[in-house]
Protein chains: 2
Amino acid sequence: MDISERQLRILQAIISDFISTGEPVGSRSLSKNHDINVSPATIRNEMSDLEEMGYLTHPHTSAGRVPSDKAYRLYVDGMMQKYELPEEEKKIISARLSDDFNEFEKTIKKAASLLSEITNLTSFAITPTQNADMLKYINVLPVDEETVVLMIVSSSGRVTNTALKLNCPYNEENLALLSKNLTYTFKGKTISEALTIDIINNLQSDMQAMSKLAENIMPNFMKTLENMLDVNLYMDGLTNIFNIPEFNDIDRAKTFLEMLNNKEDLTKVLVSRENGTIITIGNENSKDIMPDCSMITATYEIDGKLIGKIGVIGPTRMKYDEVTSVIEYMTENLNNTFKLSGGE
Amino acid sequence: MDISERQLRILQAIISDFISTGEPVGSRSLSKNHDINVSPATIRNEMSDLEEMGYLTHPHTSAGRVPSDKAYRLYVDGMMQKYELPEEEKKIISARLSDDFNEFEKTIKKAASLLSEITNLTSFAITPTQNADMLKYINVLPVDEETVVLMIVSSSGRVTNTALKLNCPYNEENLALLSKNLTYTFKGKTISEALTIDIINNLQSDMQAMSKLAENIMPNFMKTLENMLDVNLYMDGLTNIFNIPEFNDIDRAKTFLEMLNNKEDLTKVLVSRENGTIITIGNENSKDIMPDCSMITATYEIDGKLIGKIGVIGPTRMKYDEVTSVIEYMTENLNNTFKLSGGE
DNA sequence: AGTTAGCACTCATATATGGTGAGTGCTAAC
DNA sequence: GTTAGCACTCACCATATATGAGTGCTAACT
């Protein structure tokens, strides 16, 4: 059975009412507040059909109708209008996402914070997965008699370093030689590739003399590479959940917050999401991780290469149009910021 | 009126019962479960006196007694026994707080996470304030034609860096000269002191030629110094609050989580706390920030110099003895870890 | 055939009612 | 000073009743 034009109008009205009030929508209020020029009885008949088709549900016999996930999906895919952000809001976003000092992580944190502030939802952002990032330059620098700093620069411009206490003496020439050798060996390799290289053996062949030094440094080098693969997760607006009536229930709030507390699983979910603006609704999400929630994510880019994500999570009843526009406007801004400044 | 020996015994029993059950304690169950060899009626008389002295309160006429903040203070200061951690727990703590790769921040994060796991409370940790940390070594390194890395090593062993895109050409000699000059100017200065130095003018005198380069780099240098002063706050076990019956109420849970959400204020509170193991109970804490909560914090040291803090926050009804022991054992471990490895 | 008015029915929510029990406070006796 | 006894309080729980929003169905209307 196909959905009729009038049914579509009614469904849209129900979704719109429910999104703004959170209360099941009854036939009478529908015919009053929207100019559907038919009587409540007719609307009831149509609603009954819509329910049969799976677009509506019924919390109990004497309650109004509530849109199902399927209805939201229809709405998001076809019925939703593009929401134009007010200029004022655009200005706020642009202003707050500027990044004068190359402080990439801080900017992302700010973005998450701003997003939750504007949407009144819980927001999160992940930094890019760097496994596609290539190593560019490795340097081991002297600090004092027993300390050196290991510095790794990747082609995206990210610099990572670690201070190491050595338990053997070194001289600057050796460090320079080691730096050169490491750069030569790893340059152009992605981090993932680099992790598979058995460097100790590689080095031994041509620089036996330094093997002691290398043995000291290499485990830390590899560990640092591993750390570079870590994705950081930022969240904000956790307590916004309490302002949403549906979650004004200790158990739901608890489930929600516990789900977010499990950062590892959440990170996995985020990392594995497709790129671009993605909306997943209710049980489209893995049920055990986040029941009855919708998630909207979009991707931002650093210098057009590394891809991170930012988004919100909230009840299936959310203002999909507004939130989507906010997120997309923010990612546009982030892309510009991270292009001009050349990423960190 | 002074508190009698017997009253003290009764008070202790009430506190102990209330801490473990969370229910107001009645006279009958007291005389049954503790060997106070007097009848419930006598206990009632004593309780009435204790209430008059401000050690107990009464939720309503027909309920048992509940210890007041004043009672907890008395308990913590004088009556509390030292709690010996089970060997097993000690082993777990020691094992999980080892830090093989100098990953200071990760270790602190782990510590907070472990602390909330063991105590079932909400835990937090702040990294040391570094304003007493001295600068040791500053280096500006070439990366590619337009990028340099600014590296700052402080005497505590911490290394900080930032990648900078320059909008003027440079040559390696200039960088080396600048590095030398910066190191000469700032070495031995604390970060706070360093921030007050008008370096541009200092430089101009003896290295005019490089002023363009310096103008490019110095704002970022100062910004980086500012960032080094930032204190990081880690939290864990946020959702533990839901397992505490007193907070099984949407409003209290909300207040609690919103208070923790305000990281700036929380950080301020933590930073301004005295060093050593500090217990603050209920309204001893700033009322608007955390009503009806107790807080236990202790300090850890990096190389005996920089001082950070770790602690828990929870209901006034908490196992002060156990929690204190856990925190103190953890800070001991952290101190060792950060001494052996020499800090980061 | 589609639309509508009318009406019985359902059920969550709110409110009132009474019973239960833990615990107190007081009095009088030991 | 201690204790038994007893009336009293009050949160808590279960049950009963009222309310009202909203449905589903039927029969009449266009």
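Keep in mind the model is a prediction, meaning the values are calculated, not measured. In what follows, chains are A, B, ... by sequence order, proteins preceding strands, each numbered from 1.
Residues satisfying the salt bridge (charged side-chain N to carboxylate O under 4.0 Å, His left out) criterion with Glu328(A), sequence neighbours excluded, are absent altogether. Residues passing the salt bridge (charged side-chain N to carboxylate O under 4.0 Å, His left out) test with Asp35(B), sequence neighbours excluded: none. Listed by chain and number, the residues in a salt bridge (charged side-chain N to carboxylate O under 4.0 Å, His left out) with Glu284(B) are Arg73(B) (sequence neighbours excluded). Checked against ring-ring contact (aromatic ring centres under 6.0 Å, His included), Tyr320(A) has the following partners two or more places apart in sequence or in another chain: Tyr72(A). Partners of Phe247(B) according to the ring-ring contact (aromatic ring centres under 6.0 Å, His included) rule, which considers only residues two or more places apart in sequence or in another chain, are Phe256(B). For Phe18(A), there are no ring-ring contact (aromatic ring centres under 6.0 Å, His included) partners, not counting sequence neighbours.
A heavy-atom distance below 4.0 Å to DNA chain D is reached by these residues of residues 28-41 of chain B, ordered by number: Val38(B), Ser39(B), Ala41(B). Across residues 56-64 of chain A, His60(A), Thr61(A), Ser62(A) each have a non-hydrogen atom less than 4.0 Å from an atom of DNA chain C (numbered order).
Note on Lys90(B) versus Glu84(B): salt bridge recorded, some NZ/NE/NH1/NH2 to OD/OE distance being below 4.0 Å. Of the charged side-chain nitrogens involved, none lies within less than 4.0 Å of a carboxylate oxygen, so that Glu246(A) and Arg252(A) do not count as a salt-bridged pair.
Distance, Gln7(A) CD to dT3(C) P: 11 Å, rounded to whole Å. Per the geometry, CD belonging to Glu51(B) stands 11 Å off P belonging to dC26(C), to the nearest Å.
Among all heavy-atom pairs drawn from Asp265(B) and Asn262(B), the shortest one is OD2-ND2, 2.9 Å.
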Can you give the donor-acceptor pairs under 3.5 Å from side chains of residues 237-244 of chain A to other protein atoms, not counting sequence neighbours?
residue   : atom : partner   : partner atom : Å
Thr239(A) : OG1  : Asn261(B) : ND2          : 3.4
Asn240(A) : ND2  : Ser116(A) : O            : 3.3
Asn240(A) : ND2  : Leu121(A) : O            : 2.9

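Paired with Ile43(B) under the rule side-chain contact (heavy atoms from CB on, under 4.5 Å), one option of Leu50(B), Val38(B), Val25(B) passes, and it is Val38(B).
Residue pairs meeting the ring-ring contact (aromatic ring centres under 6.0 Å, His included) criterion with at least one member in residues 33-58 of chain B: none, sequence neighbours excluded.
The side chain of Arg65(A) lies closest to dT23(D), out of dT3(D), dT23(D), dT4(C).
Looking only at atom types and distance, the side chain of Arg273(B) has a donor-acceptor partner in the side chain of Thr280(B) under 3.5 Å away.
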For nucleotides 27-30 of chain D, list the nitrogen or oxygen atoms of the protein found under 3.5 Å from its nitrogen or oxygen atoms, one pair per line.
none

Pairing of DNA chain C as dot-bracket, 5' to 3': ( ) intra-strand, [ ] crossing, | other strand, . unpaired, with Watson-Crick or G-U pairs under 3.5 Å?
||||||||||||||||||||||||||||||

